[in-house]
Protein chains: 2
Amino acid sequence: MSADAVFAALADPTRRGLVESLASAPATATDLAKGLPMTRQAVSKHLAMLAAAELVSTERRGRETRYTLRPEPLREVSRWVDAVGDEWADRLSRLERSIRD
Amino acid sequence: MSADAVFAALADPTRRGLVESLASAPATATDLAKGLPMTRQAVSKHLAMLAAAELVSTERRGRETRYTLRPEPLREVSRWVDAVGDEWADRLSRLERSIRD
DNA sequence: CAGAGATGCAACCAAAGAGTTGCGTATATC
DNA sequence: GATATACGCAACTCTTTGGTTGCATCTCTG
């Protein structure tokens, strides 16, 4: 829900990489840590931040925890960005009109 | 250019507020600091981070520095978010097809 | 049941972030 | 020329972050 948490979560390249991985398929922290130059705990912390931003959901399955992407916060980010971009475009068109007239 | 810098810049509510202000009109650090519960220097630091992320450009005009929004990085953010969202949607549709078939 | 696999929790560390104050400098203005 | 305005830089706090190691717990399997 919090834009702060979502943007902050996406500010780290490791976490964006995790999000990209999870976009193609859910996975566990141990899975994701393979191929990354850091420990499982570090990855786990990153996933906790993604979860705090509600960008992923967790599902415990026996002894493993499966992380799944939740794209709703991404849509909110997209909305905010588009709104600011639109306001800027409007401002520019008003400015151009006032110059032309 | 750096996605890290852009997302990190937008992670702070004060900076998102500054971006929203600048979307309607360029302004100086002193202008923007009025109405905010912090010093001009703090605002100045925030603007420096927005500038590092190339979200604003600066123009010195006599004794004042005017900050103007540069929306290009916002478009890149939008592209990344949309790409991830699209991949996720594709994955879901493939999944649904494999279940139905 | 014993051992291996996967996780979670806590302590610790170095670096970056967000804010402050103080000061120096350049530009307008009277 | 003196004064006020707008700015930039540096030093100093306090908290957060990104990473580590170590250990305890829970679950699966031979």
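Chain A is the first sequence line, chain B the second, and so forth, proteins listed ahead of strands; every chain is numbered from 1.
Under the side chain to side chain donor-acceptor pair (under 3.5 Å) criterion, B:E20 pairs with A:W80, sequence neighbours left out. Residues satisfying the side chain to side chain contact (heavy atoms under 4.5 Å, CB included) criterion with A:A3, sequence neighbours excluded, are A:F7, B:R16.
Looking at A:L55 and A:R70, their side chains never come closer than 4.5 Å, going by heavy atoms from C-beta outward.
Not a single donor-acceptor pair under 3.5 Å links the side chain of B:S78 to the backbone N or O of B:L74.
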Show me the side-chain donor-acceptor pairs of residues 81-96 of chain A shorter than 3.5 Å, one per line, residues at least two apart or across chains.
residue	atom	partner	partner atom	Å
A:S93	OG	A:D90	O	2.8

Got a list of side-chain donor-acceptor pairs under 3.5 Å for residues 31-48 of chain B, not counting sequence neighbours?
residue	atom	partner	partner atom	Å
B:D31	OD1	B:T28	OG1	3.4
B:D31	OD2	B:T28	N	3.4
B:D31	OD2	B:T28	OG1	3.1
B:T39	OG1	B:A42	N	3.3
B:H46	ND1	B:R15	NH1	3.1

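One can place CG of B:L32 at 13 Å from P of D:dA6, the figure rounded to the nearest angstrom. With rounding to whole Å, B:D12 atom CG is found 14 Å from C:dA16 atom C1'. Summarising the geometry, the separation between CG on A:D4 and P on C:dG17 is reported as 15 Å, rounded to the nearest angstrom.
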Protein-nucleic acid N or O pairs under 3.5 Å, nucleotides 24-30 of chain D:
none

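For the OP1/OP2 pair of C:dA18 and a distance below 4.0 Å, the side-chain nitrogens and oxygens of B:R15 include at least one atom meeting the criterion. Using a 4.0 Å cut-off, no side-chain N or O of B:T14 falls inside it from OP1 or OP2 of C:dA18.
The CZ atom of B:R66 sits 10.0 Å away from the CG atom of B:L22 when rounded to the nearest 0.5 Å. Atom CD of B:E64 is separated from atom CZ of B:R61 by 8.5 Å, given to the nearest 0.5 angstrom.
A heavy-atom distance below 4.0 Å to DNA chain C is reached by these residues of residues 36-59 of chain A, ordered by number: A:R40, A:Q41, A:S44.
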